[in-house]
There are 2 protein chains.
Amino acid sequence: MVSDSSAVGEQGREIPDATVARLPLYHRALISLHRSGASTVSSEELATAAGVNAAKVRKDLSYFGSYGTRGVGYDVGQLLEEIRNDLGLQHPRNCIVVGTGNLGAALLSFGGFKDRGFAVVAAVDVDPARVGTTIGGIRVGHQDDLAGLVEANDVAIGLLTTPPVAAQQVADELVAAGVRSILNFAPTVVEAPEDVVVRHVDLASELEILAFHEGRREPIAPAS
Amino acid sequence: MVSDSSAVGEQGREIPDATVARLPLYHRALISLHRSGASTVSSEELATAAGVNAAKVRKDLSYFGSYGTRGVGYDVGQLLEEIRNDLGLQHPRNCIVVGTGNLGAALLSFGGFKDRGFAVVAAVDVDPARVGTTIGGIRVGHQDDLAGLVEANDVAIGLLTTPPVAAQQVADELVAAGVRSILNFAPTVVEAPEDVVVRHVDLASELEILAFHEGRREPIAPAS
DNA sequence: GCAACTTTGTGAAACTTTGCACGAGGGCGG
DNA sequence: CCGCCCTCGTGCAAAGTTTCACAAAGTTGC
């Protein structure tokens, strides 16, 4: 798992992981600003829209070059284009869903990725009852066809929504099929070679972090 | 949004946010170890199981007290119990799903939270076609009944899966109803009072981070 | 009961990230 | 054309996080 490796910027500079993690927030905010017709935006406004602080916005953007105009701000269209490029979204990325349980099915039906440059183009499962069905317009293939589907559809990203026990095995198959980016929804650690990036989304973990803060807030029942 | 505020430990020590974010990993790993019958575990083993490094494990655990035995390791059962307490999971926390689209429905049907101490006990939506239906054993109520359902079911956590435009409004309603923890799946920033903790899960952002690394890896198409 | 071995708990150093504060640069009004 | 005002870009200090390295503390075997 190399989800926290550092990357190199256009002039060969390192882009901090913390900055990379915020780019999507700026992207999202800019899409929204663009839609609402704004032509320029200041770091202050963008910061508010993205939920961060203005100095951070300016420093983050500066890693990719100077796209702002002093005294004015940033051109929304130009900055949006720039960020899209930095994120590598010049062309849409194709995704495959592995495991079509509740979450996998939801991902297949969910349309919200398209606006952001991603398309779910294939799905597989091991359960014969699910293979051959169509969810969200995608025909579910058999797990054994994974490599073929990856190749045929030019899949770049694997969305792993199997039960935990199967996750590592499936990840290995994805890697063998040439997928270098995995988003793992299974609540287990998944290992992958150095050059494969694995990121985790664990809903129960998020809930536990919320519960932690809940627990901290509750004053201990007033002692006698 | 105070998702990055610090918390105070049992002896009044501050628990770093980074540590809090790892507790669920330890929790998960310990549940698994416990199930497999292990009675003790070293920081090294726990680190491997949680996908982090051993020194981090020891330092993280030390914030909550000394539960290990030198030369031996940690007692799995005892440590599991301890972490469960630290996370505030002595009793299950009740959750309400707001918005029963693809993701909301998946959350209602998903059973994986129960093992981790959470129960989805209610759901609401604005769409009359959905109100009154039953998903995953939960009857969908109307948005207007939110406050009543929160109160009646002792709901601690709100799972926000509405479209972005409605998110802030719904968050305000949750807060007004007394919910102090919100997990926001809508791709927009949600503001809340100081004492409410809001965490974000944005799948498109995760995909964009993966795309960023993909883009870095691809050698630029050979010039000329 | 002692010595060898193992593994914790933690001080301190290295690294990363944040946020301030301010100089530099560009637009706009007069 | 000049000066004022606004906002970017960035050096720097402070805060937070990771990692190393080692003494302290416990176990096991003899």
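Every value quoted in this text rests on a predicted model; they were computed, and no experiment measured them. Below, read A as the first sequence line, B as the second, and so on, with proteins coming before strands; counting in each chain starts at 1.
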Partner set under salt bridge (charged side-chain N to carboxylate O under 4.0 Å, His left out) for B/Asp75, not counting sequence neighbours =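 Partners of B/Asp75 by the salt bridge (charged side-chain N to carboxylate O under 4.0 Å, His left out) criterion come out as none, since no residue qualifies.
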Donor-acceptor pair, B/Ser43 side chain versus B/Arg58 backbone, under 3.5 Å?
-> no
Hey, does the side chain of B/Asn184 reach the backbone of B/Ala186 with a donor-acceptor pair shorter than 3.5 angstrom?
->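 Side chain of B/Asn184 to backbone of B/Ala186: a pair is present.
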Comparing B/Gly68 and A/Ala18 on DNA chain C - which has the more 5′ nearest nucleotide =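 So the residue in question is B/Gly68.
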Nucleotide nearest A/Ser42 (side chain, heavy atoms from C-beta), chosen from C/dT8, D/dG9, D/dC8 |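 From the listed options, D/dC8 comes nearest.
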Options D/dG9, C/dC20, C/dT8, nucleotide nearest the side-chain atoms of A/Ser62 | D/dG9
Given atom [atom1] of [X] and atom [atom2] of [N], what is their separation to the nearest angstrom?
X       : N      : atom1 : atom2 : value
B/Phe64 : C/dT10 : CZ    : P     : 14 Å
B/Leu46 : C/dT7  : CG    : P     : 14 Å
B/Leu79 : C/dG9  : CG    : C1'   : 14 Å
A/Leu61 : D/dT7  : CG    : P     : 16 Å
A/Arg22 : C/dT16 : CZ    : P     : 15 Å
A/Lys56 : C/dT18 : NZ    : P     : 5 Å

In chain order, what residues pass the side chain to side chain contact (heavy atoms under 4.5 Å, CB included) check against A/Ala21, with sequence neighbours excluded?
-> B/Ile209
Keeping to residues at least two apart or across chains, list the ring-ring contact (aromatic ring centres under 6.0 Å, His included) pairs with something in residues 167-187 of chain B.
->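 Pairs touching residues 167-187 of chain B that pass the test: none.
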Closer than 4.0 Å, any side-chain N/O of B/Ser43 to the OP1 or OP2 of C/dT7?
-> no
Indicate whether OP1 or OP2 belonging to D/dG26 is found under 4.0 Å from a side-chain N or O atom of B/Tyr74.
-> no
About how many Å separate CG of A/Leu183 and CZ of A/Arg199, when rounded to the nearest 0.5 Å?
-> 8.0 Å
With 3.5 Å as the limit, what N/O pairs link the protein to nucleotides 11-15 of chain D?
residue, atom, partner, partner atom, Å
D/dG11, O6, A/Lys59, NZ, 3.2
D/dC12, N4, A/Lys59, NZ, 3.1

Heavy-atom contacts, protein to nucleotides 22-30 of chain C, under 4.0 Å, summarised as B (base), S (sugar-phosphate only) or - (none) per nt, yield -BBBSS---
Is a side-chain donor-acceptor pair under 3.5 Å present for A/Glu173 with A/Gln169?
->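 Yes, A/Glu173 and A/Gln169 have a side-chain donor paired with an acceptor closer than 3.5 Å.
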Which donor-acceptor pairs under 3.5 Å do side chains of residues 100-115 of chain A form with protein atoms, sequence neighbours excluded?
residue, atom, partner, partner atom, Å
A/Thr100, OG1, A/Asp125, OD2, 2.6
A/Asn102, ND2, B/Ser109, O, 3.3
A/Ser109, OG, A/Ala105, O, 3.1

Does any non-hydrogen side-chain atom of A/Val197 lie less than 4.5 Å from one of A/Arg180?
-> no
